[in-house]
Structures are given as C-alpha cells and as structure tokens.
A.B. asks: 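Got a structure for you, questions after.
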Amino acid sequence: MIEQVKGTQNISGDNAIKYLYIQNLFNNKFSDYGYQYIQTPLLEYKELFDKSIGESSEIVTKQMYELIDKGGRELVLRPEGTSSIVRYHAEFNKDLTIKYSYFGSMFRYENPQKNRYREFNQAGLEIVGLIDTYSDFQIINDSFNFIKELIPGTKLNINTIGSISDREQFIKVLYEYFKANTDKLSQDSIDKLENNTLRILDSNNPDDSEVIKNAPNISEYINDNSKNNFDSLLEILSNSDIEYQIDNALVRGLDYYNDLTFEFITSENVVVGGGGRYDNLSEILSLGKFNGVGVAFGVERIMNSIPLPDNSSKYYLLGTDINKISKYSKELDKHNINYSKPPRLTKENAQFKDAKNQNVLYLINTDEDTIKNLITNQIEKFNIEVILEH
RNA sequence: GUGAUCGUAGCUCAGUUCGGUUAGAGCGCCUGGUUGUGGUCCAGGAGGUCGCGGGUUCGAAUCCCGUCGGUCACCCCA
C-alpha cells in the first residue's frame, strides 16, 4: 500500500462538505465586499520568503518545502500567501490600491497534530497600495463578520507593535532584561534569546510567566504616530460596536508586520485567523514603496470548529428503466430542478436505501410516475407543477 | 526537531500478553428471493501483501530491529 505523504489530507466526506461551505461563503461574501479574488502560484522562488518572513524565523529556517528544479532554480512550496500577493501587486498594480482575496493550499514542514497540517488551506484578504486606518478597519470588520458567521463567539485580540525601528529598540531593551534574568527563564526561552527575543513573550511555559509579566511593555516604546493611529482605530472599532481585547503580548510569527497585529480566537481557544499591517514588506522585497494590511484564516481550523452544514438533496430520482428515467431527467433539467440519482441501475430496494442515506426529502419514482414525501410518507401522482410549488 | 500512542476486510474492531490448523465479528457491499403501508426480512456470495522491510524460529498478525503512515502533545503556528 502506498501511503499518503505525511501531513497532507484527503478532504472528503463530511470535511468536503464543510470545506465547500466555507469556500462558498468566503467567495460570496468578499466579492460582495469588493475584494478581487486572486490565485497566485503554489511555487515561488525561495528568496521571496527568505526576505519577507525573515531569515531567522521558524518558518524559513525549518518549515519550508524546498526544491531545486531541473533548471537549477531554488524553489519552495509557498508557506503563506501575503508575500506572493505583494509580488503580484508590484508587478501589475503598483500605483493602485487594491483589495484582494485568496483561498488555497499552503505548505509548512512541521509535525502534524490537531489543527496543524503540512499542507493546509488559508483563506485571506489583503488591501495593498496606499493604506490608512480605514483600510485596517475594513480588514478587521469584514473578516470578523465572516468568522463570526461561521463560529459565533469568536473574539478579536488586537495589539500594536509599533514601527520597525520602535521594535528594534524594544528588542534591545527586552534582550537586556531577559539576559539579566536568564536564571528565571525556561531553556526554550533561553534558546530564543539571541535570535528571537520577541518570541519569548509568546511562551506559555509557566516557568516563564513571572519574568514575562514583569518584562518591559512594548507600548512604552511605540512612537506617537503609531500610537495615534492605533487609538483612532480602536475608536472606530468601538464606535462600530466591534468588541476587542488588547493583548500586548500578541506579536505574531512573521517579521514583516508593523503597528497593527490581531488574531481571532474561538471560545475553544483556537486561533482561527490573524493578520496585521505590513508597511515595509514591499521595500524589504525591493519591489517599490507601498503598504498593506491583511488577514488569513486557517480553513482546517474553521472546519474543525463548525458543525456539519446541511447538504442533503431535495429530490431523488428512482427507477429501473433508463428511458423513463431519462424522460424525467429532461423534464426536471428543463425547470432547473436539481436531483440526486443512484450511480448505476441497482434494484429498487437499493435505491430506496441510497435515497434514505442521502437524507433526501422527495423520492420521484419513474417506474410508477409518483412522488413521495419521505418524511410524511405521502404519495402523489408525479406532476412538474407539484414540484414547482415546493 | 522531541515525546506518547496506534496501524488486521470498504468502515468499526476482536485476535498480539504466553508464536502453532485454512486470520474472525458487526456494519457496509454484491446476487437471488421476499416486501406494494416499498427503507423490512431471508438465503447465498465477494472482499485481507495482518502498513512496509529485515531478523529470530521448524513455524510470526503475535517476539526483536528499522522504516512509513495516523492520532495527540511540546516547539511553533493558520
């Protein structure tokens, strides 16, 4: 038996129903909100992510699927979506401000577990170009509406991490603080001290909690402009009755973020999505000078948090005579009525079972020219008018 | 990268402790019959490299080593 590649998935059965439900909701909602759907390649040059996500980040150092193609190019399977969209924007829409949406597979080489896979799907939004607080607000408002519709009770955590230079300064202070307190830190956190100081704040190791609680707070190192922007965003959110929780420890894993960062967290404490502002990404990539703000949801995490949507067909076409069945099909097709059928001509008994398993409401029997309501067991003579009344 | 646990029919699992005929059950599937208050019921049938590779043994689903995969946790993240 050839087994499937570790951490990949066959999205099938109930999961396929959930996947399509989420995808349909995403597409419908955000095309209405004016986001342009875009599909960028799954393969990108490795360089794109080295620069964007950050060369010392966990994703780049350990988690990328890398390959050399026959032309000797260093390629990777994309670990996230934002960098590709910024690359696209620079090439085709450089002077414009565009709202984008995307939906598709991402790849990260990690050990799989609940809510984490090596190939997984992200649904994301980006606004790229000339960005202001209204853009930030839109991303949060629109994506919050989406996730609340799927998972009621989801909460918004929000933070500002200041400009890149604020952060550099803060990291220096933080480094000195942790350096002075290494005796009270867990080994994991000590390992992060040199290259990933900021990440220590994310630690949920109880050994670290005391030190982290007393650590310098980033809010003291944030420049006035960033502070004002953040405050005015919070004000807009409040005026729009959008509830949020400020979380000063929320730093996120990608280097390109600045100022705004936020996460959506369910009542089960699953982070189903997150995002933030990336004003310097285009410059980091040497693609010009424009800004961006975006959000990405983990589709599998949503799938694991929602009940199974109703997906049953309404009608089932049963029969043993192909000519009669086809006559009925034609009639139903003409009126744009969808119906389910058995995959082949089995005996009636098997077709009844199939219909029952699919939870259909009405059974159209072409052998007897009847339509039966499977809930009430009421049988009527078949007539297209009867169906059109439903 | 680290650790725990699991892998036997399409599915859920028994059998592994303590090696021993032809590897079982339920559900599902197929065929025929039965049923017209149609989904029931009856009979028969198909279906397994016991994840894979090696080792020990007269003999391995069972013991040993390795490996691949699932699940879960750590790390990290969506």
Side-chain angles (χ1 to χ4, degrees), chain A residues 1-10 12-13 22 53 56-64 78-82 102-125 143 147 186-192 195-196 198-208 250-254 261-266 270-276 294-305 316 318-320 342-360 363 365 367-368 370 372-379:
Chain A
M1 177 83 101
I2 298 172
E3 286 162 324
Q4 74 188 77
V5 175
K6 186 170 183 162
T8 61
Q9 311 177 74
N10 302 297
S12 64
I22 295 165
I53 300 173
S56 63
S57 70
E58 190 95 358
I59 292 175
V60 167
T61 53
K62 298 190 207 156
Q63 299 183 345
M64 287 209 291
R78 63 178 186 188
E80 60 107 41
T82 303
Y102 64 93
F103 196 109
S105 284
M106 307 295 163
F107 302 83
R108 291 185 199 172
Y109 192 90
E110 309 178 80
N111 265 341
Q113 67 186 61
K114 190 174 179 66
N115 285 323
R116 187 167 69 206
Y117 309 90
R118 288 186 172 181
E119 179 179 6
F120 60 102
N121 288 276
Q122 279 192 343
L125 305 174
S143 58
I147 197 63
S186 68
Q187 188 55 49
D188 280 346
S189 292
I190 293 169
D191 292 343
K192 281 180 223 156
N195 287 321
N196 243 329
L198 215 49
R199 296 246 74 78
I200 299 176
L201 292 178
D202 276 344
S203 166
N204 37 26
N205 188 326
D207 297 345
D208 294 332
L250 203 166
V251 289
R252 300 190 57 74
L254 311 170
T261 61
F262 61 92
E263 278 181 354
F264 294 112
I265 183 160
T266 68
V270 177
V271 176
V272 285
V295 61
F297 289 100
V299 176
E300 286 78 5
R301 290 184 178 187
I302 297 173
M303 282 160 62
N304 290 338
S305 302
Y316 191 97
L318 170 152
T320 51
R344 66 192 177 92
L345 267 195
T346 49
K347 65 178 187 175
E348 279 201 5
N349 205 356
Q351 295 191 31
F352 267 99
K353 279 169 91 170
D354 190 35
K356 196 68 188 171
N357 285 337
Q358 291 185 31
N359 270 319
V360 303
L363 191 65
N365 189 325
D367 289 345
E368 297 184 351
T370 59
K372 177 177 183 180
N373 182 320
L374 285 176
I375 310 282
T376 64
N377 281 335
Q378 204 175 27
I379 302 174

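Lettering of chains follows the sequences in order, A, B, ..., and the numbering in each one begins at 1.
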A.B. asks: So which one's nearest nucleotide on RNA chain B is more toward 5', A/Gln122 or A/Thr370?
C.D. replies: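 With A/Thr370 and A/Gln122 compared, the 5'-side residue is A/Thr370.
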
A.B. asks: Can you find a side chain N or O atom of A/Lys347 that sits less than 4.0 Å from OP1 or OP2 on B/rC30?
C.D. replies: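 Checking A/Lys347 against B/rC30: no side-chain N or O falls below 4.0 Å of OP1 or OP2.
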
A.B. asks: Would you kindly give the CZ-to-C1' distance between A/Arg116 and B/rG1, to the nearest whole Å?
C.D. replies: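 Checked: the CZ to C1' distance equals 11 Å.
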
A.B. asks: Given that both distances must come in under 3.5 Å, which nucleotide forms a Watson-Crick or G-U wobble pair with B/rU2?
C.D. replies: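 Result: B/rA73.
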
A.B. asks: Using only heavy-atom distances, decide whether a donor-acceptor pair under 3.5 angstrom links the side-chain of A/Glu263 to the base of B/rA78.
C.D. replies: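 No.
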
A.B. asks: Should B/rC29 form a Watson-Crick or G-U wobble pair with both distances under 3.5 Å, which nucleotide is its partner?
C.D. replies: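 For B/rC29, the partner nucleotide comes out as B/rG45, under the 3.5 Å rule.
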
A.B. asks: Whole-Å distance between B/rU34 P and A/Phe352 CZ?
C.D. replies: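 That distance rounds to 17 Å.
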
A.B. asks: Work out how far the P atom of B/rA14 is from that of B/rG53, and round it to whole angstrom.
C.D. replies: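 After rounding to an integer number of Å, I get 24 Å for this pair.
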
A.B. asks: Rounded to the nearest angstrom, tell me the gap between atom CG in A/Asn349 and atom P in B/rC30.
C.D. replies: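 Taking CG of A/Asn349 and P of B/rC30, I get 10 Å after rounding.
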
A.B. asks: Does B/rC13 have a Watson-Crick or wobble partner in any strand here, with both distances under 3.5 angstrom, and which is it?
C.D. replies: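 Base-paired to B/rG24.
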
A.B. asks: If I take atom OG1 from residue A/Thr8 and atom CD from residue A/Glu119, how far apart are they, to the nearest 0.5 angstrom?
C.D. replies: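 Rounded to the nearest 0.5 Å, the OG1-CD separation comes to 6.5 Å.
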
A.B. asks: How long is the gap from CD on A/Gln122 to CD on A/Glu300, to the nearest 0.5 Å?
C.D. replies: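 Going from the CD atom of A/Gln122 to the CD atom of A/Glu300 covers 9.0 Å.
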
A.B. asks: I need the CG-P distance between A/Asn115 and B/rG70, as an integer number of Å.
C.D. replies: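 Value for this atom pair: 16 Å.
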
A.B. asks: Looking only at atom types and distance, does a side-chain atom of A/Gln351 sit under 3.5 Å from a main-chain N or O of A/Thr346, one as donor and one as acceptor?
C.D. replies: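 Indeed, once roles are kept as given, a pair shorter than 3.5 Å links the two residues.
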
A.B. asks: Rounding to the closest angstrom, what is the interatomic distance between B/rC41 and B/rU35 at atom P?
C.D. replies: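 Straight-line distance between the two P atoms is 15 Å.
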
A.B. asks: Please give, in whole Å, the distance from B/rA78 P to A/Phe107 CZ?
C.D. replies: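 Whole-Å distance recorded here is 17 Å.
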
A.B. asks: Whole-Å distance between B/rC77 P and A/Phe264 CZ?
C.D. replies: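 One finds 19 Å between P of B/rC77 and CZ of A/Phe264, rounded.
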
A.B. asks: Give me the distance, rounded to whole Å, that separates B/rC77 from B/rG15 when you measure between the P atoms they each carry.
C.D. replies: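 43 Å, rounded to whole Å.
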
A.B. asks: Please report the distance separating the P of B/rA25 from the corresponding atom of B/rU67, rounded so that it comes out in whole Å.
C.D. replies: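 Comparing P positions in B/rA25 and B/rU67 gives a spacing of 36 Å.
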
A.B. asks: Determine, for nucleotides 2-11 of chain B in 5'-to-3' order, which nucleotides have protein heavy atoms under 4.0 Å from the base (write B), from only the sugar-phosphate (write S), or from neither (write -).
C.D. replies: B----B----

A.B. asks: So, OP1 or OP2 of B/rG69: does either fall under 4.0 Å of a side-chain N or O from A/Gln4?
C.D. replies: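 Answer no for this pair, as no side-chain N or O of A/Gln4 is under 4.0 Å from OP1 or OP2.
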
A.B. asks: Determine the interatomic distance between P on B/rU16 and the same-named atom on B/rC68; round to the nearest Å.
C.D. replies: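 That atom pair is separated by 29 Å.
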
A.B. asks: From the options B/rC30, B/rC77, B/rU40, select the nucleotide whose nearest atom is closest to the side chain of A/Arg301.
C.D. replies: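 Output: B/rC77.
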
A.B. asks: Of all residues at least two apart in sequence or in a different chain, which pass the side-chain contact (heavy atoms from CB on, under 4.5 Å) check with A/Arg116?
C.D. replies: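 Only A/Glu110, A/Gln113 meet the side-chain contact (heavy atoms from CB on, under 4.5 Å) criterion with A/Arg116.
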
A.B. asks: Give the rounded distance in Å between these two atoms: CG of A/Leu374 and P of B/rU37.
C.D. replies: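 Taking atom P of B/rU37 as the reference, CG of A/Leu374 is at 16 Å.
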
A.B. asks: Mind checking the C1' distance from B/rA9 to B/rG3? Whole angstroms is fine.
C.D. replies: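 It works out to 33 Å between them.
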
A.B. asks: With both distances kept under 3.5 Å, what pairs with B/rG7, Watson-Crick or G-U wobble?
C.D. replies: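 B/rC68 is the nucleotide pairing with B/rG7.
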
A.B. asks: If you measure from the C1' atom in B/rC18 to the same atom in B/rA60, how many Å do you get, rounded?
C.D. replies: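 Approximately 14 Å lies between the C1' atom of B/rC18 and that of B/rA60.
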
A.B. asks: Of all the nucleotides listed (B/rA78, B/rC74, B/rC30), which has the minimum atom distance to the side chain of A/Arg344?
C.D. replies: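 Output: B/rC30.
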
A.B. asks: Just wondering, are more than 12 heavy atoms of other shown residues or ligands nearer than 6.0 Å to CD in A/Gln378?
C.D. replies: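 12 or below, so no.
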
A.B. asks: Taking OP1 and OP2 of B/rC77, is either one under 4.0 Å from a side-chain nitrogen or oxygen of A/Gln63?
C.D. replies: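 The answer is no; no side-chain N or O of A/Gln63 sits under 4.0 Å from OP1 or OP2.
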
A.B. asks: Mapping A/Asn121 and A/Thr346 to their closest nucleotides on RNA chain B, which lands nearer the 5' end?
C.D. replies: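 Nearest nucleotide further toward 5': that of A/Thr346.
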
A.B. asks: Which distance, rounded to the nearest 0.5 Å, do you find between the CD1 of A/Ile59 and the CD of A/Glu80?
C.D. replies: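 Interatomic distance, A/Ile59 CD1 to A/Glu80 CD, rounded to 0.5 Å: 7.0 Å.
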
A.B. asks: Specify the separation, in whole Å, of atom OH of A/Tyr102 and atom P of B/rA78.
C.D. replies: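 After rounding, the reported distance stands at 10 Å.
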
A.B. asks: Taking atom CG of A/Leu318 and atom CZ of A/Phe352, what is their separation to the nearest 0.5 Å?
C.D. replies: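 Result: 5.5 Å between the selected atoms.
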
A.B. asks: If we call it a pair only when both distances are under 3.5 Å in a Watson-Crick or G-U wobble match, what pairs with B/rU35?
C.D. replies: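 By the stated definition (distances under 3.5 Å), nothing pairs with B/rU35.
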
A.B. asks: Roughly how far, to the nearest 0.5 Å, is the CG atom of A/Leu125 from the OG1 atom of A/Thr82?
C.D. replies: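 Going from the OG1 atom of A/Thr82 to the CG atom of A/Leu125 covers 10.0 Å.
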
A.B. asks: Looking across every strand, which nucleic acid part, if any, lies under 4.0 Å from A/Asn357 by heavy atom: base, sugar-phosphate, or nothing?
C.D. replies: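 The residue A/Asn357 makes no contact with any strand.
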
A.B. asks: Measure from the side-chain heavy atoms of A/Gln113 and tell me the nearest of B/rC77, B/rG33, B/rC74.
C.D. replies: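 That would be B/rC74.
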
A.B. asks: Looking only at atom C1', what distance separates B/rG24 and B/rC50, rounded to whole Å?
C.D. replies: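 That atom pair is separated by 12 Å.
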
A.B. asks: Do A/Phe297 and the base of B/rA78 stack face to face, with centres under 5.5 Å apart and an angle between planes under 30°?
C.D. replies: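 Here the ring of A/Phe297 and the base of B/rA78 are not stacked, as the 5.5 Å and 30° limits are not both satisfied.
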
A.B. asks: Just jot down the side-chain contact (heavy atoms from CB on, under 4.5 Å) partners of A/Asn115, sequence neighbours excluded, or say none.
C.D. replies: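 By the side-chain contact (heavy atoms from CB on, under 4.5 Å) rule, A/Asn115 matches A/Val270, A/Arg301, A/Asn304.
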
A.B. asks: Kindly point out which of B/rG70, B/rC30, B/rU34 is positioned nearest to the side chain of A/Lys6?
C.D. replies: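 Selected nucleotide: B/rG70.
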
A.B. asks: In Å and rounded to the nearest 0.5 Å, what is the CD1 to CG distance from A/Ile375 to A/Asn377?
C.D. replies: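 Nearest 0.5 Å value for the CD1-CG distance: 9.0 Å.
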
